[in-house]
Amino acid sequence: MSDFIQIWPGQASDYAHSVDLLILALTGLIIALSAPVFILIVYFAVKYRRGHKADRQHPMNRNVWLETSWALIPFFLILVFYVWSTGLYFDLHQPPANAMEVQVVAKRWMWKFQHPGGQGEINELHVPVGEPIRLNMISQDVIHSLFLPALRIKQDVLPERYTSLWFSADKPGTYRLACAEFCGTDHSLMGGSLVVQTQADYAAWLEQFATDNTLAAQGAGLFRTLGCSGCHESGSTRRAPSIHGLYGRPVALSDGSTVVADAQYIRDSILLPNAQVTAGYPPIMPTFKDVVDEEGLVRLVAYIQSLGSASPVLPQGVAAGTLAPQNLAPEGTAP
Amino acid sequence: MSETVTGRGGSEEASREETVNETQSERVSYLRAGHTLRSWFFTTDHKRIALLYLISVTFFFFIGGMAAGLMRTDLLTPQGDVLSNEGYNRAFTLHGVIMVWFFLIPSIPNVFGNFLIPLMIGARDLAFPRLNLLSWYIYWIGGLFTLWVLLAGGVDTGWTFYTPLSSMFANGNVVMAAAAVFVVGFSSILTGLNFIVTIHTLRAPGMTWGRLPLFVWSHYATSVILVLATPVLTVTLALIVAERLFGLGIFDPALGGDPLLYQHLFWFYSHPAVYIMVLPAMAVVSELVAAAARKPVFGYWFIVFSSLGIAAVGFLVWAHHMFVSGMSMYVGAVFSFLSLVVAVPSGIKVYNWTATLWKGHISLDPPFLFAMGFIGLFVVGGLTGLILAMLALDVHVHDTYFVVAHFHYIMVGGTVSAFFGALHFWWPKMTGRMFSIGWGRLTALFIFFGFNMTFFPQFILGYLGMPRRYHVYDPQFQVLHVLSSAGSTILGFAYLFPFAYLLYALRYGKPSGDNPWEATGLEWTVPSPPPKHNFDEIPVVTREPYDYEVEKEGGA
Ligand code: HEM
Ligand SMILES: [Cu+2]
Ligand SMILES: [Cu+2]
């Protein structure tokens, strides 16, 4: 509309268009269901107002068929929308396997983004147009929520647990990015922008902020300086299980259960090593709780991820997913 | 059975000598049965306790309202000139805590339920009159804690107390605020219990379940929720305090807790609690619509079972507040479906009310205007609930002003309008005096328009992506915020009007007579104001509820 007052938010993806279509259609149904109520109340209030002559002859006050139909017909109509909207929501929870992964760490009151090539940014997220992006998110303190209105999506960001959000923006531009979950004093300042760029601009941006090391390479450095390699990389696997090809594989635990080694498992193993001990190994690993911060963990996970896995595992329907390691390095290739 | 402590009726010094023509009914009414403070503060008369509650909830309504006024003033500009970020957070937290637990939840049940349930079922009091008084005292202990929190600088967690923010990070008076809500919960539980027992055991002869006024049925459903849901909140708050004070790891994952557990527990209480706030309002509106149309309510049993249905299914939808919290998408799909189911009984009620007006003799006196306002605003609130229950739509509008608008339409547009409707409808019964009809109508219209102007723009703000609980906002939202603040000024003044003309009516109003609206219901058969023990003789009920035609022919 005009600049003075905006009444419809901009759309930066196909998904946003689908959501808008859904809400407009549903609003249409809602108006159809409620208009009779509004119109009839006013009409009755005028026509049958007290002291005004009108034909008030009517049969009894009971009509089971009428009652049942005005309860059930709207309900079935609404169910059509239920199926439609649930379908969109499921799409939102199933990232394509080739999505480019960006790591997100939230803390009071800022957003930190880490690109696979090692580029980091605060409160600004640059992404290439037309490419599926998967944000792998964790909070360092309380619950936050990453909200991208132009894409019609948001996802809570939890402490100690990865959640993810994926999208594919198809219109270059700068859009708002906000925290939607109340997180304390400066909650309303915890925002920034999403910058959707053409492939060329994005490649140039990556170039400009290139660091010496990719995220995985930074993780490899940490892996050595923190001393992880002492046990896990010593050539023998007697003291500790190898991390090569670990990512995405099922791991047998000493309590007889099996877990899939996703980002969450790796993170938990670093912080709470004795909670889930790999079968056949003594519980001797110390915790790195006070040694490594959330961003360090992101790097370590990226490193272990880069060491590959037998086959990528994409858990269906859960927020924390994984992706195939070959997507880690940004080739700048357009799909 | 319900002997009162007010044995001092003898010392009757006509302290209200100046009052215009004290009527015969007034002279022997519950209002004149004892003039001492003691006779009020230690009364076990449900009608007096109802008045104590009326004054109390009105007091908290104004404190909560002042916090809202402060916020709306602050939101006039994007950077917020009145409060600091922290101050704003404390303002909306207190606003929410006070409005939810100290106004909305107790408002209609404890004032009008208390006053009317015994009168409507033909009883002399509630089943446990002393317990009734105790719940008022417990309410005030909770209330004093809240005022203490206010004076001590407030609390900054939001009314939802999400962890780990509330348990490990917030620096306000979290423990004291949790204690306030913890305590007031017991008041709710006792009231609910009292109503359930009363409705089961004290119905007059002939007052079968099928003859109960819908007001009583709906309060019955409310009481069941109060008794079953409130203890969950009580326990949850105790766990927060345990985590905050003793570092017990329950909710904070850093201590080994589960960050989503709190939300499940909180909404397991708080979704049913939203029905605690709206079922009594529906109770009022069912009475008002029938009285407005002077016709039996259309589909009595459908309305009864929709109340019970809401109470039951309302327990199964809590996770619709958590669609973006990181739970599995299959859980989301189940809760989305159940949330659509719970909308059905609400829809049934609305259509039945509309059908009741058909071919009625519709009065446009103030109580009925409030009732029609309720229907309109509740419909908007309920239908936007459908939008929120749709997963893909909620992902976008969750935690935005869209949600704020949704629940204000129901809880302020709906419940508060019904509260005012009830106040105008039963004011003559409670006080024996009629107020100015013209002012009443004007107020109803102002509230309706002020409300829409305040909250409709918030739907648009929300869809545009304005998050809730934001002190500083993007300048693109300013026009809509200014509109909303302007509306809230009208709304605020409209809420003040009744103060003037209702209190004026106490002294200068015309005596109302026993049944000024010519309505059915046992409460209209006793004098206005009713005598201390309601009925000289317990009535025997022989008629269906809302038998309006019959009454007209009999000329009663
Ligand atoms: C007609 C059926 C209703 C449906 C389907 C419905 C649906 C919803 C949904 C899905 C939400 C969560 C939105 C979000 O946070 O993203 C919500 C929020 C809310 N609803 Fe409703 N609702 C309905 C009726 C009611 C009623 C009757 C009340 C109150 C009397 C109510 C009060 C609230 C409140 C207080 C919140 C937000 C609480 C908060 O986050 O602070 N709703 N509703
Ligand atoms: Cu935040
Ligand atoms: Cu709910």
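These values consider heavy atoms only, across backbone and side chains, with no hydrogens, waters or symmetry-generated copies. Here is how names work: the chains are called A, B, and so on, in the same order as the sequence lines, proteins then strands, and each is numbered from 1.
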**OP:** Go through the atoms of A:Phe38 and report whether side chain, backbone, both or neither lie under 4.5 Å from a heavy atom of chain B.
**Re:** side chain
Original post:
So which part of B:Asp258 gets closer than 4.5 Å to some heavy atom of chain A, the side chain, the backbone, both or neither?
Top reply: side chain
**OP:** Please look at B:Gln263 and chain A and tell me whether the side chain, the backbone, both or neither of the residue comes under 4.5 angstrom of a heavy atom of that chain.
**Re:** side chain
**OP:** Heavy-atom pairs under 4.5 Å with chain B are the metric here; pick the option from A:Lys289, A:Arg49, A:His52, A:Arg176 that has the most.
**Re:** A:Arg176
**OP:** Walk me through it: do A:Ile78 and B:Leu386 pass the test side-chain contact (heavy atoms from CB on, under 4.5 Å)?
**Re:** CA-CA 9 Å; A:Ile78 299 271; B:Leu386 289 181; 3.4 Å; yes
Original post:
Which bit of B:Asn352 is near chain A, if near means a heavy-atom gap under 4.5 Å: side chain, backbone, both or neither?
Top reply: both
Subject >> Contacting region of B:Thr157 [heavy-atom separation from chain A under 4.5 Å] >> reply: backbone
**OP:** Would you mind checking which part of B:Thr400 comes under 4.5 Å of any heavy atom in chain A, side chain (CB onward), backbone (N, CA, C, O), both or neither?
**Re:** side chain
Subject >> Within residues 81-88 of chain A, residues adjacent to chain B where the heavy-atom gap is under 4.5 Å >> reply: A:Phe81, A:Tyr82, A:Ser85, A:Thr86, A:Leu88
Subject >> Winner by heavy-atom pair count (cut-off under 4.5 Å) against chain A, out of B:Leu260, B:Leu461, B:Val331, B:Thr163 >> reply: B:Leu260
**OP:** Let me know if A:Thr27 has heavy atoms under 4.5 Å from chain B in its side chain, its backbone, both or neither.
**Re:** side chain
Original post:
Which one, B:Asp474, B:Thr354, B:Asn171, B:Val324, leads in non-hydrogen pairs under 4.5 Å with chain A?
Top reply: B:Val324
**OP:** May I ask you to check whether A:His187 and B:Tyr470 place their ring centres under 6.0 Å from each other?
**Re:** yes
**OP:** Check whether the ring centres of B:Tyr330 and A:Tyr89 lie less than 6.0 Å apart, and answer yes or no.
**Re:** no
Subject >> Toward chain A, the part of B:Val379 with a non-hydrogen atom under 4.5 Å >> reply: side chain
Subject >> A:Arg50 side chain vs B:Ala292 backbone, donor-acceptor pair below 3.5 Å >> reply: yes
Original post:
What residue, out of A:Ala71, A:Pro74, A:Pro159, has the most heavy-atom pairs lying under 4.5 Å from chain B?
Top reply: A:Pro159
Original post:
In terms of side-chain geometry, is the basic nitrogen of B:Lys359 or A:Asp55 positioned less than 4.0 Å from the acidic oxygen of its partner?
Top reply: yes
Subject >> chain B contact via A:Leu26 - side chain, backbone, both or neither, heavy atoms under 4.5 Å >> reply: side chain
**OP:** Counting only heavy atoms closer than 4.5 Å, note whether B:Tyr262 contacts chain A via side chain, backbone, both or neither.
**Re:** neither
**OP:** For A:Asp141, check salt bridge (charged side-chain N to carboxylate O under 4.0 Å, His left out) against everything at least two apart and list the hits.
**Re:** none
Original post:
Would you find a donor on one side and an acceptor on the other, under 3.5 Å apart, between the side chain of A:Asp156 and the backbone of B:Gly326?
Top reply: no
Original post:
Should the ring pair B:Tyr351 and A:Trp70 be called parallel, tilted or perpendicular, given that the plane angle runs from 0 to 90° and is split at 30 and 60?
Top reply: tilted
Original post:
Parallel, tilted or perpendicular: which fits the ring planes of B:Tyr463 and A:Trp8, with parallel below 30° and perpendicular above 60°?
Top reply: tilted
Original post:
Where does B:Ala170 contact chain A at under 4.5 Å (heavy atoms): side chain, backbone, both or neither?
Top reply: neither
Original post:
Does any heavy atom of chain B fall under 4.5 Å from the side chain of A:Asp20, the backbone, both, or neither of them?
Top reply: both
**OP:** Measure distances from A:Ile30 to the heavy atoms of chain B and classify the residue's part below 4.5 Å as side chain, backbone, both or neither.
**Re:** both
Original post:
Within a strict 4.5 Å, meaning less than it, do heavy atoms of the A:Asp186 and B:Glu86 side chains meet?
Top reply: no
**OP:** Can you tell which part of A:Tyr15 gets under 4.5 Å to a heavy atom of chain B, answering side chain, backbone, both or neither?
**Re:** side chain
**OP:** Would you confirm whether the ring centroid of B:His398 sits within less than 6.0 angstrom of the ring centroid of A:Phe147?
**Re:** no
Subject >> Part of B:Tyr88 lying under 4.5 Å from any heavy atom of chain A >> reply: neither
Subject >> Best-contacting candidate, B:Ile460, B:Leu165, B:Leu480, B:Val350, against chain A by heavy atom pairs under 4.5 angstrom >> reply: B:Leu165
**OP:** Name the option with the most non-hydrogen atom pairs under 4.5 Å to chain B; the candidates are A:Glu160, A:Arg152, A:Glu181.
**Re:** A:Arg152
